[in-house]
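Because the structure is a prediction, the values reported are computed rather than measured.
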Amino acid sequence: MKRMKLGFFMAGYGHHVASWRHPDVAKRGTMDLESIIENVKTAERANFDFVFISDALFVDKKTHPDLMTRFEPINLMSVISRETKDIGLIVTASTTFSQPFTLARDFATLDHISNGRAGWNIVTSGVNDTAQNFNGAQNMEHDLRYDQAAEFVDVAQKLWHSWDKVTFDRDQNKGQFISAEEPEAVDYKGSFFQVKGPLNIERSPQGHPLMVQAGSSKKGVEFASKIAEVIFTAQTDIDAATKFADNVKEKVHDARGNNQEVVIMPGIFPVIGDTEQEAKDNYEELQELILPEIGLELLSSYLGDIDLSGYDLNMPFDQINLDSGNGIQSRIEIIQEHARKNNLTLDDVMKSVAGARGHHITVGTPEKIADNMEEWFVKGAADGFNVMPPLIPTQFELFVEKVVPILQERGLVQKSYNVGTLREKLGLKVK
């Protein structure tokens, strides 16, 4: 029977933009290693499929004051891997400002030390502040970034599998360390990369990490249809999410045939209370902590750094000219559609996007949250969810203690882990 997958989208203070201002959060947030480890252990006790961590390569002092500093994610997951046993470890890493050999080696190492639990969330980087940290380089145009990413992944795949035919004899008497079959050179020469290879680390437990992708633009979906096994997406409407999922799965079928499954996992931002009123109060308490200038800066970043300072907060959002931005196209389209469908003002959109950073918000009792998730799952809008608690640890612990048991009782999520690698635990084809 098909089951709902659960990911824990880890954040230091929580996913609400003003969570760091709340009195109930970990005091050092993204730099509180012990709290981070305990939160992941909580997710593992609840049998979450994986923990997921995002990343950035610049200091965001305006829109994300809580994320000005953070641990490098592969190093962090390496530590977490030694403190956990079953939960998957998905790390975000950009193809735009990395090298295939280095990143392939990093992920192979994580896969080895975690006994096959590594996943790579493949992203491109479109933030100007990031580009300026790499020799002052200019941002690549949106579609060109995906062309580079496709080549990057192709090189990484070849590097990971360069040791597939090699066996390690380690025969001390004969002095034979490996079999007569040598690792394969890559000798890759493309438009963006030249890599000789092979990789200097043996084949990892999964062959290569679970391939995850988070772009929902036309170019991003085209890219994901060729390589992704899990797709994260920001969706706010069940009908739009169902249409997106159907479209992606059709493109995956066209690109890779019937044997390839893909798991669609929208982000979900659950605000929980024992009663409806308590849940609403919890949400409003967070919303009131948003500073308008921070909210507008964050919204602007999602729209491609468009200047919103001169607009009246009460004007209809669809009257704002968004043509001058160079942001993530899929995210812009989702924001626009949500605003049109609900007749939202700039202030409405600012608070909605700033609060949950553009993801699906559900506010209510544990039963209501579970009902909402089940509806999305049954209707094909989601194969699972990347859970984005607004406050960590308090709202995350409420989700684990009150929502997960309801989902388990309904037979929707797992009560224990299967044996095997992350890919096998998810029921996906072994590479």
Side-chain angles (χ1 to χ4, degrees), residues 1-7 49-50 52 88 90 92 95 119-124 142-154 156-157 208-268 327-338 340-341 358-360 372-386 412-413 422-431:
M1 176 182 174
K2 183 181 176 182
R3 67 170 178 84
M4 183 189 296
K5 278 71 171 181
L6 288 182
D49 290 277
F50 56 78
F52 166 81
I90 296 181
T92 298
T95 59
W120 176 20
N121 178 40
I122 307 160
V123 298
T124 66
H142 177 270
D143 286 1
L144 190 61
R145 293 200 303 267
Y146 276 103
D147 292 338
Q148 185 205 41
E151 188 171 303
F152 191 112
V153 171
D154 188 30
Q157 295 273 20
H208 64 260
L210 182 78
M211 305 298 278
V212 182
Q213 211 271 330
S216 300
S217 67
K218 182 178 179 180
K219 191 73 173 180
V221 169
E222 178 186 330
F223 176 63
S225 68
K226 296 174 182 177
I227 58 95
E229 297 165 276
V230 174
I231 294 177
F232 296 153
T233 178
Q235 302 290 337
T236 58
D237 176 83
I238 188 171
D239 294 331
T242 303
K243 183 178 179 180
F244 172 80
D246 290 342
N247 177 56
V248 168
K249 291 183 178 183
E250 181 180 345
K251 290 187 179 300
V252 169
H253 175 269
D254 292 343
R256 290 180 280 173
N258 289 326
N259 293 328
Q260 178 61 53
E261 288 189 57
V262 64
V263 178
I264 310 292
M265 299 186 68
I268 188 170
I328 301 171
Q329 293 302 312
S330 59
R331 183 63 60 84
I332 293 172
E333 290 167 6
I334 289 168
I335 292 171
Q336 286 179 308
E337 179 59 26
H338 180 62
R340 278 195 297 265
K341 189 170 184 177
H359 288 271
H360 174 46
N372 182 269
M373 295 174 72
E374 183 173 9
E375 182 185 13
W376 279 54
F377 178 70
V378 170
K379 290 185 176 179
D383 298 309
F385 296 91
N386 210 12
L412 292 169
V413 301
L422 172 57
R423 188 173 280 112
E424 291 169 321
K425 285 180 167 71
L426 289 171
L428 295 169
K429 186 178 179 181
V430 177
K431 300 297 179 181

| query | Can you name the residues that form a side chain to side chain contact (heavy atoms under 4.5 Å, CB included) with Glu250, not counting sequence neighbours? | reply | Asp254

| said: Please enumerate all residues that pass side chain to side chain contact (heavy atoms under 4.5 Å, CB included) together with Asn372, with sequence neighbours excluded. | reply: Ile268, His360, Thr362, Trp376

| Ile122 CD1 to Ile227 CD1 distance, which is reported to the nearest 0.5 Å | 3.5 Å

| field | Listed partners of Lys425 passing side chain to side chain contact (heavy atoms under 4.5 Å, CB included), at least two apart | value | Asp86, Tyr417

| Chi angles and distances behind the side-chain contact (heavy atoms from CB on, under 4.5 Å) call for Met265, Phe52 | CA-CA 12 Å; Met265 299 186 68; Phe52 166 81; over 6 Å; no

| field | Glu374: partners by salt bridge (Lys or Arg N to Asp or Glu O under 4.0 Å), with sequence neighbours left out | value | Arg410

| request: Go through the structure and list residues passing side-chain hydrogen bond (donor to acceptor under 3.5 Å, both in side chains) with Asn386, not counting sequence neighbours. | output: none

| Test side-chain hydrogen bond (donor to acceptor under 3.5 Å, both in side chains) applied to Ser225 - qualifying residues, sequence neighbours left out | none

| said: A side-chain contact here means heavy atoms from C-beta on lying under 4.5 Å apart; do Ile231 and Val248 qualify? | reply: yes

| Phe223/Val153 under side-chain contact (heavy atoms from CB on, under 4.5 Å): CA gap, chis, key distance, verdict | CA-CA 10 Å; Phe223 176 63; Val153 171; 3.9 Å; yes

| message | I'd like to check the ring-ring contact (aromatic ring centres under 6.0 Å, His included) partners of Phe385; sequence neighbours left out, ordered by chain and number. | response | none

| said: Taking ring-ring contact (aromatic ring centres under 6.0 Å, His included) as the definition, give me every residue that meets it alongside Phe377, ordered by chain and number, with sequence neighbours left out. | reply: none

| note | Rounded to the nearest 0.5 angstrom, the CG-CD distance for Leu210 and Glu424 is 11.5 Å

| query | Measuring from His359:NE2 to Phe232:CZ, what's the distance to the nearest 0.5 Å? | reply | 10.0 Å

| request: Indicate yes or no: does Asp154 engage Lys226 in a salt bridge with an N to O separation below 4.0 Å. | output: no

| query | How would you list, by chain and number, every residue that makes a side-chain hydrogen bond (donor to acceptor under 3.5 Å, both in side chains) with Gln157, sequence neighbours excluded? | reply | His208

Anything under 3.5 Å between a donor and an acceptor, one on a side chain of residues 236-246, the other on a protein residue two or more places apart or in another chain? List them.
residue: Asp237; atom: OD1; partner: Lys341; partner atom: NZ; Å: 2.6
residue: Asp237; atom: OD2; partner: Asp239; partner atom: N; Å: 3.0
residue: Asp237; atom: OD2; partner: Ala240; partner atom: N; Å: 2.9
residue: Asp237; atom: OD2; partner: Lys341; partner atom: NZ; Å: 3.2
residue: Thr242; atom: OG1; partner: Ile238; partner atom: O; Å: 2.8

| query | Do side-chain atoms of Glu229 reach the backbone of Met211 as a donor and acceptor pair under 3.5 angstrom? | reply | yes

| request: Enter the distance from Lys251:NZ to Glu222:CD here, rounded to the nearest 0.5 Å. | output: 8.0 Å

| said: Test your reading of the model: is there a side-chain donor-acceptor pair from Arg423 to the backbone of Pro209, 3.5 Å cut-off? | reply: yes

| Counterpart residues, side chain to side chain contact (heavy atoms under 4.5 Å, CB included), relative to Lys249 (two or more places apart) | Lys2, Val262, Ile264, Asp383

| note | side-chain hydrogen bond (donor to acceptor under 3.5 Å, both in side chains) filter on Thr95, not counting sequence neighbours, yields none

